[in-house]
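Both backbone and side-chain heavy atoms feed into the values below; hydrogens, waters and symmetry mates do not.
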Amino acid sequence: MTRERFAEILKEYDYSDQQIEILWNGRPTDELDEEDVRERAQRIAPIKDRLFPDR
């Protein structure tokens, strides 16, 4: 998955650019599955601002 696609998906769940950058930089090195990214983004969305505050 490209960084652009990753960002598009997370933007659907209202992640900020800084939060996306933190998550992209910390991603596993193996290929990301879109369905898995969506599922995790949705689960984390309610608490994302506490876990990954904007700098």
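- Side-chain N or O atoms of Q19 include one that pairs as donor or acceptor with a backbone N or O of S16 at under 3.5 Å.
- Contact check for D33 versus M1: no side-chain heavy atoms found under the 4.5 Å cut-off.
- Looking at W24 and L32, their side chains come closer than 4.5 Å, going by heavy atoms from C-beta outward.
- Shortest non-hydrogen contact noted between L10 and A41 is CD1-CB, 4.1 Å.
- Using a 4.0 Å cut-off between a side-chain N of Lys or Arg and a carboxylate O of Asp or Glu, D17 and K11 qualify as a salt bridge.
- Between R5 and E8 a salt bridge is recorded (basic side-chain N to carboxylate O distance below 4.0 Å).
- Note that CG of D49 is 12.0 Å distant from CD1 of I44, once rounded to the nearest 0.5 Å.
- Put simply, the side chain of R38 never gets that close to the backbone of E35: no donor and acceptor are under 3.5 Å apart.
- Figure legend: K48 and Y15 shown as a cation-pi pair, the cationic atom lying under 6.0 angstrom from the six-membered ring centre and within 45 degrees of its axis.
- In this structure the side chain of F6 reaches within 4.5 angstrom of the side chain of L23, judged on heavy atoms.
- The shortest distance between side-chain heavy atoms of E21 and R3 falls below 4.5 Å.
- Applying the 6.0 Å contact sphere to CD of Q42 captures no more than 12 heavy atoms from other residues, nucleotides or ligands.
- Interatomic distance, CD1 of I9 versus CD1 of I20, reported as 10.0 Å (0.5 Å rounding).
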